[in-house]
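I have placed the structure first, in the form of structure tokens, so that the comments after it can refer back to it.
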Amino acid sequence: MLHNFGSINLDHFYRVPHLVRPGETLASRDYRVGLGGKGANQSLAMARAGGRVRHWGRLGRQDAWVRDLLEHAGVEVEAIALVDEPSGHAIIQVDQRGENAIILFPGANHGTTEQVLDEHFAAASPGDWLLAQNECNALPGVLERAAEAGLNIAFNPAPMSDAVLELPLAHCRLLFVNRGEAAWLAGLDEASPTEALLDGLARRLPTCEMVLTLGGDGAWYQAGDERHFQPALPVTPLDTTAAGDTFIGYYLAALQQGRPVTDCLTWAATAAALGVMVAGAAESIPEATEVERALRDGIPTPDRRDKETS
Ligand SMILES: OC[C@H]1O[C@H](O)[C@H](O)[C@@H]1O
């Protein structure tokens with residue numbers, strides 16, 4: 001079982017000609033609300049990939065439909081509390097190239113107490129996995145407790161902040177980072193060559209396995225001297241929101257199924273490529289059957305992916 005201590009957000013999407021500049025007022029061409037949050041996206045991706053995942057989180061009572069949606073997808077939701085607080089939300093601009101900029105309001109995601117964590121950990125067994133991102137409170141304690149409880153920790157330090165550098169990251173078995181997060185962790189410039197980033201990560205956290213995701217430039221796996229490269233698939237992105245989350249959920253589901261690292265990478269990269277062809281966060285995450293089909297027949301045309309998801 002994988003336990004995902006993760007955020008749940010309502011995502012407010014604005015499609016804009018370019019990301020808003022300082023002092024500018026910009027009209028949006030479109031507005032939609034959907035399910036998001038790095039935690040919820042990763043749980044959903046894992047469930048859609050056929051993985052066993054139990055989500056630990058908090059959600060405003062008025063947004064109970066989100067819990068139903070996750071449950072329907074196969075996520076175990078008993079550890080998602082409905083609370084009398086506003087849910088977390090994100091304001092997301094998406095530009096014409098599919099790039100985004102996100103403002104987060106943590107809301108209920110920042111209300112986890114020690115007492116609730118006691119209940120969550122009581123349901124976990126040594127050898128289980130714990131996944132976390134950086135959108136919930138209580139992370140230092142959660143990572144410490146997970147290590148003490150003999151859980152395998154996978155961590156995605158997004159959104160990156162200086163607080164991440166203070167976390168007990170040496171407890172992690174597996175780290176998912178993008179270029180910016182890798183540079184921050186390794187104390188290097190973001191423009192550093194990939195090789196330097198991988199070396200820097202290995203120096204900083206020598207016992208961790210790493211997956212470095214580089215968007216259109218592919219992804220790297222590193223563990224000690226072992227490295228594997230996964231090229232990106234050729235797609236024109238409509239919306240890159242949740243691509244990294246889709247990658248992580250699919251990677252972990254494949255790992256849970258005992259697949260080799262190279263398969264985990266291919267499966268994850270294919271799912272992420274399908275994801276960026278569709279607008280939105282949770283709604284862009286493909287089903288496993290779509291990923292299998294893309295692996296067999298190649299990436300579909302954008303209009304075909306749209307029809308398959310609608
Ligand atoms: O990774 C994408 C996610 O980041 C933020 O958490 C948004 O809610 C969005 O769904």
Side-chain angles (χ1 to χ4, degrees), residues 1-9 37-43 46 53-59 79-81 83 85-90 102-178 180-188 200-213 244-245 248-249 251-252:
M1 173 61 75
L2 180 141
H3 307 266
N4 183 7
F5 176 53
S7 58
I8 305 171
N9 292 334
K38 295 184 197 305
N41 295 336
Q42 292 173 22
S43 282
M46 200 173 163
V53 52
R54 177 180 173 88
H55 194 98
W56 301 358
R58 301 175 90 247
L59 181 65
I80 299 178
V83 297
E85 294 168 39
S87 301
H89 76 252
I102 303 180
I103 298 174
L104 276 182
F105 170 70
N109 293 315
H110 272 197
T112 298
T113 61
E114 282 299 314
Q115 190 191 342
V116 168
L117 286 175
D118 289 345
E119 290 164 21
H120 292 341
F121 276 104
S125 307
D128 283 356
W129 280 78
L130 176 106
L131 169 64
Q133 315 76 28
N134 190 28
E135 290 187 345
C136 293
N137 70 314
L139 266 182
V142 166
L143 298 188
E144 290 289 1
R145 290 179 67 160
E148 279 162 23
L151 307 186
N152 295 299
I153 302 173
F155 184 56
N156 169 220
M160 191 63 186
S161 68
D162 277 335
V164 169
L165 302 180
E166 307 299 321
L167 292 172
L169 296 179
H171 290 326
C172 297
R173 168 149 172 204
L174 178 57
L175 220 60
F176 293 95
V177 288
N178 65 19
E181 291 149 8
W184 201 322
L185 280 175
L188 294 169
L201 286 170
R203 268 196 304 277
R204 167 94 162 79
L205 293 161
T207 60
C208 281
E209 294 173 53
M210 310 276 175
V211 177
L212 172 62
T213 56
D245 302 331
I248 291 169
Y251 186 99
L252 289 169

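You'll find the side chain of E85 reaches within 4.5 Å of the side chain of R58, heavy atoms only. Contact check for P159 versus E135: side-chain heavy atoms found under the 4.5 Å cut-off. Side-chain atoms of N134 and S161, non-hydrogen and from C-beta on, do get closer than 4.5 Å to each other. A 4.5 Å side-chain heavy-atom check between L185 and L175 finds at least one atom pair inside the cut-off.
Between atom CZ of residue R173 and atom CH2 of residue W129 there is a gap of 4.0 Å, rounded to the nearest 0.5 Å. The distance from atom OG of S7 to atom CG of N41, rounded to the nearest 0.5 Å, is 7.5 Å. L205 contributes atom CG, which lies 11.0 Å from atom CZ of F155 (distance to the nearest 0.5 angstrom). Rounding to the nearest 0.5 angstrom, the gap separating the CZ atom in R145 from the CG atom in L117 is 5.5 Å. For the atom pair CD of E119 and CD of E114, the computed distance is 12.0 Å after rounding to the nearest 0.5 Å. Atoms NE2 and CD1, from H89 and I8 in turn, are 15.5 Å apart once rounded to the nearest 0.5 Å.
Of all non-hydrogen atoms in L59 and A108, the two that sit nearest each other are N-CB, 4.2 Å. In terms of heavy-atom proximity, N152 sits nearest to G127 at ND2-O, 3.2 Å. Of all the heavy atoms in L169 and V164, the pair that sits closest is CD1-O, 3.8 Å. The minimum heavy-atom distance between L139 and Q133, with the atom names listed, is CD1-O, 3.2 Å. Minimum heavy-atom separation, Q42 to L131: OE1-CD2, 3.5 Å. Between L174 and Y251, the shortest heavy-atom contact is CD2-CE2, 4.0 Å.
Just one residue in the list I248, N156, N178 forms a side chain to side chain contact (heavy atoms under 4.5 Å, CB included) with T213, and that residue is N178.
Using the six-membered ring where Trp is involved, W56 and F121 have ring planes that are perpendicular, over 60° apart on the 30 and 60° scheme.
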inquiry  = Using side chain to side chain contact (heavy atoms under 4.5 Å, CB included), reason through H171 and T207 one step at a time and then give a plain yes or no.
reply    = CA-CA 9 Å; H171 290 326; T207 60; over 6 Å; no
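A donor-acceptor contact under 3.5 angstrom links the side chains of W184 and D162, judged on distance only.
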